[in-house]
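A note on names: the letters A, B, ... follow the listed sequences, proteins ahead of strands, and every chain is numbered from 1.
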Amino acid sequence: METLTPGGNSNKSPGAPAAEAEVGKRFKKQSFWRTALQQKYLYLMSVPFIIWAFVFSYLPLWGWTMAFQDFKPAKPFLDQKWVGFKHFVELFSDDRFYLALRNTLAMSVLSLVVGFIIPIIFAVLLNELRGIMFKRFVQTVSYLPHFVSWVVVAGIVTKMLSTQGGAINDLLVGLHIINEPIQFMAKGNWFWYIVTAADVWKEMGWNTIIYLAAITGIDQEQYEAARVDGANRYRQMWHITLPGIRTTISVLFIMAIGHLMQIGFEKQFLLGNNLVLEYSQVLELYALQYGLQMGRFSYGTAISIFNSVVSVILLFTVNGIFKRVSKESIM
Amino acid sequence: MVSKKAKWIAPVALASVVGLTACGGGTSDSKGASDGAAAADSTAPVTFSLFSADANPNWNNMQDDVGKAITEKTGVTLKAEYAVGGDTQKVSLMIASGEYPDLIMPKGDTSKLVEAGALVDLTDLIDKYAPNIKALYANDMNRLKYSKDDQSIYILPTYTGVGQTSFDAGGGFELQLEVLKELGYPEIRTLDDYEKAIKDYYAKNPTINGQPTIPLSLNADDWHIMIGVTNPAFLATGLPDNGEFYINPETYDAMLHYKRPEEKEYFRWLNKMNSEGLLDKETFTQKRDQYLAKISSGRVLGTINQEWDYSEAENTLKGSSDPTMQNRIYGHFPVTLNKEMKDHSFMDVGFPGGYGIGITTNLDENQRIRAIKFLDWLASDEGQVLNNWGIEGKQYNVENGKRVIPQEIQDRKTNDSAAFTKETGIGQYTLMSPHYGDGVKDKTDNYYTANFPEQIQNAYTQPEKDALKKYNATTWKDLFPKAEELGTSAWGAAYNLPAPSDPSYTVAFQKSQDIVRKRIPEAILATPDKFDAIYDGMIEELNSADIVEMEKIFSQQIKNTVELWGTGK
């Protein structure tokens with residue numbers, strides 16, 4: 001089975017991975033140590049990264065023990081009181097947790113669906129542009145918002161949606177679509193969509209870059225052949241461009257699933273207000289307010305364990321499905 | 001071969017080691033002066049790290065006049081970190097990592113630090129090494145103690161001055177001076193008076209400078225909702241500030257203040273203001289910067305807030321060249337539901353103790369002595385005068401034995417306060433110094449602070465002076481009920497006491513806050529016929545078992561405090 005590196009694709013540089021695979025095959029029958037000796041430089045080169053991953057990704061897992069204790073800071077490990085699943089029981093019996101979970105999943109699924117499809121469409125369309133200067137210009141302009149911090153974006157969004165001189169309301173009233181300005185930011189059930197829209201505006205261009213890179217890797221001869229066969233532009237997009245970046249799409253999709261639970265809280269925190277709390281409270285904010293800010297380290301850890309476990313399950317499920325269906329996976 | 005390998009392994013290994021120690025090391029550079037007991041006495045250069053849970057955008061790394069003078073006198077340089085926007089998770093993070101600054105001003109998080117064993121008991125240090133601090137708190141030593149069960153002194157209360165008498169009012173209900181002027185300076189004493197003034201002016205002036213007039217706007221962004229929306233409920237119903245609680249002065253029983261029927265009537269009034277279109281529609285969705293922008297545009301006729309929460313915007317108006325704009329700053333009025341109730345802003349709560357500065361276990365014995373001596377120097381007459389007045393001959397002069405601030409310095413202080421603070425450092429070190437409050441005089445018969453009646457009147461802008469004259473007052477405080485009419489409090493101010501750290505208190509408290517911050521805006525924005533249902537629903541939620549239990553825990557805390565202070569009946 002072919003293994004893909006994230007973001008890369010086999011069309012782009014077919015030489016290197018293929019050669020490596022061949023080398024791998026040749027050594028398959030020889031003992032592990034023999035191989036290791038022959039590839040000692042490769043192994044040595046990977047050592048710092050293995051140490052890095054171990055120190056920063058695996059050592060902190062030791063902290064998970066906190067979730068099963070009534071953790072008190074500045075006390076030695078052996079003096080901590082073990083309480084079993086107490087914090088998890090408390091977590092699963094708190095209504096606010098389910099509310100936060102609902103909002104987290106709702107907003108992440110929304111942004112996954114919208115924030116995934118739009119950059120692909122945008123990349124494919126951008127690729128069809130003839131004028132190279134214009135294409136570059138559009139691309140640059142579209143990914144600039146990525147570098148604007150959420151604090152500023154939240155300010156822009158609130159101002160745009162304001163009832164007093166907000167551009168959106170002015171426009172809608174001016175076109176006589178509505179009579180009274182709408183209080184966008186006061187409507188709880190709109191909050192998810194406002195966040196998603198802001199997210200798409202900010203990240204669309206940036207997420208397009210990787211697809212554009214993948215598209216440049218597609219062999220131009222395929223297009224020429226298709227044109228000779230009489231395929232129009234839409235046919236070319238559908239039969240050449242999209243299949244050409246399919247592997248990239250699946251890899252990115254699987255990785256995005258892994259981040260479903262970790263949507264951060266800046267957007268929600270900055271755009272939310274007390275009126276829409278029922279829709280803006282997300283898991284990480286909940287962990288911050290009810291865990292860390294109160295010094296309940298154990299409770300916060302329990303939330304984060306729940307988060308990680310769900311993420312891993314999601315990731316493996318989706319990866320497994322992809323493996324079966326499309327023979328493409330990242331693991 | 002081997003040597004070649006070693007050449008590149010070494011830097012990699014070194015890099016990872018450096019990376020690791022950088023994570024674990026922390027503030028090792030501050031330990032320069034730890035060589036023996038002699039260090040404690042000297043004024044050899046030493047750097048202390050300091051964390052404050054309050055934001056301070058004007059902090060200038062002690063490169064201001066006062067800061068330089070402090071370093072010169074004490075040898076101490078502070079490496080200060082100020083939390084952004086009143087950050088509350090930073091202290092929790094410190095506890096989790098076990099890495100503390102040398103000096104800390106944790107505000108409400110003291111109990112977390114005490115529980116983690118991070119704070120040093122200062123009792124003996126004060127006794128042996130800090131004569132100035134000892135003299136300063138002489139009458140209030142009991143109020144410095146942490147709790148009935150743990151009578152250590154962890155925090156020197158520096159947020160309030162000892163013997164503080166406020167000479168000016170910064171709270172109450174605010175109305176634009178221009179509104180007062182046009183309406184002929186009417187009496188503003190009840191909610192009806194306040195509402196009428198706003199209504200009358202609004203009817204005559206639907207726009208200001210071409211933009212729609214905003215009759216009443218409040219700041220409800222995040223925690224500011226307490227200052228701008230919920231605290232005024234108890235102020236307008238004749239209660240002193242005890243944070244989120246009403247405390248029965250006889251039994252010391254605490255309950256969330258929203259449960260008082262009088263406050264429901266206050267919120268009903270806001271609901272009415274909203275339904276009549278007098279309350280800014282964006283009140284509960286706007287961010288603080290939007291609120292400030294509105295205030296500084298001069299279009300907001302009235303607001304209900306504390307001056308420190310909107311003074312930046314007001315300064316813009318003060319600095320305007322248009323005299324009408326200069327007149328769009330606010331006067332303060334002791335507005336209550338009816339005339340029987342009295343605004344308790346100026347109740348004498350005694351020395352409330354509370355927020356301040358502490359020394360952490362990050363310092364060893366000798367360094368702790370050095371640190372307390374530093375704080376003691378700040379508490380000395382010399383230190384306090386420097387902090388409050390600046391450098392003699394530069395920011396103030398002594399004429400006939402009186403400290404006087406030259407007019408041009410006073411003008412800069414009033415009109416260009418941020419830059420002035422940054423440059424001179426006046427006021428920057430007060431919050432970390434044990435100090436006397438306004439109205440206390442030193443040995444030379446001068447006030448310790450630069451806030452005293454003549455000074456305050458001098459600092460008013462001309463429009464303020466004119467308006468005050470019409471009300472036969474010299475300061476806004478003159479309009480408020482006097483401390484003598486308001487009685488005393490046996491527990492100081494409850495918001496200033498360390499909050500219990502028990503999860504059955506903290507979780508239920510946070511829950512109550514979530515309920516209040518959601519339901520109060522909902523009730524205010526509802527149509528008047530739905531107001532009762534929403535408010536009563538909120539009270540029902542606030543009567544859940546865990547919240548009632550939380551109130552009981554806090555009642556016990558009040559009772560313990562009264563016992564510890566010996567102020568009971």
**OP:** Take atom CH2 of A:Trp52 as the centre, draw a 6.0 Å sphere, and report whether it contains more than 12 heavy atoms from other residues, nucleotides or ligands.
**Re:** no
**OP:** Please say whether more than 12 non-hydrogen atoms of neighbouring residues, nucleotides or ligands are located less than 6.0 Å from CZ in A:Phe88.
**Re:** yes
Original post:
In Å, rounded to the nearest 0.5 Å, how long is the span from NZ of B:Lys287 to CG of A:Leu270?
Top reply: 6.5 Å
Original post:
Do you know which of A:Lys72, A:Met294, A:Gln183 has the most heavy-atom pairs under 4.5 Å to chain B?
Top reply: A:Met294
**OP:** Go through A:Lys159, A:Arg96, A:Gln164 and name the one with the most non-hydrogen pairs under 4.5 angstrom from chain B.
**Re:** A:Gln164
Original post:
Any donor-acceptor pair under 3.5 Å linking the side chain of B:Thr285 with the backbone of A:Met185?
Top reply: no
Where does [X] contact chain A at under 4.5 Å (heavy atoms): side chain, backbone, both or neither?
| X | value |
| --- | --- |
| B:Lys511 | both |
| B:Lys281 | both |
| B:Gln510 | both |

Original post:
Taking it one step at a time, do A:Leu292 and B:Leu93 satisfy side chain to side chain contact (heavy atoms under 4.5 Å, CB included)?
Top reply: CA-CA 8 Å; A:Leu292 192 63; B:Leu93 283 173; 4.0 Å; yes
**OP:** Show your reasoning for whether side chain to side chain donor-acceptor pair (under 3.5 Å) applies to A:Thr163 and B:Glu282.
**Re:** CA-CA 7 Å; A:Thr163 49; B:Glu282 291 191 321; 3.2 Å; yes
**OP:** Would you check, one step at a time, whether the test side chain to side chain contact (heavy atoms under 4.5 Å, CB included) holds for A:Tyr290 with B:Asp514?
**Re:** CA-CA 11 Å; A:Tyr290 282 86; B:Asp514 283 357; 2.6 Å; yes
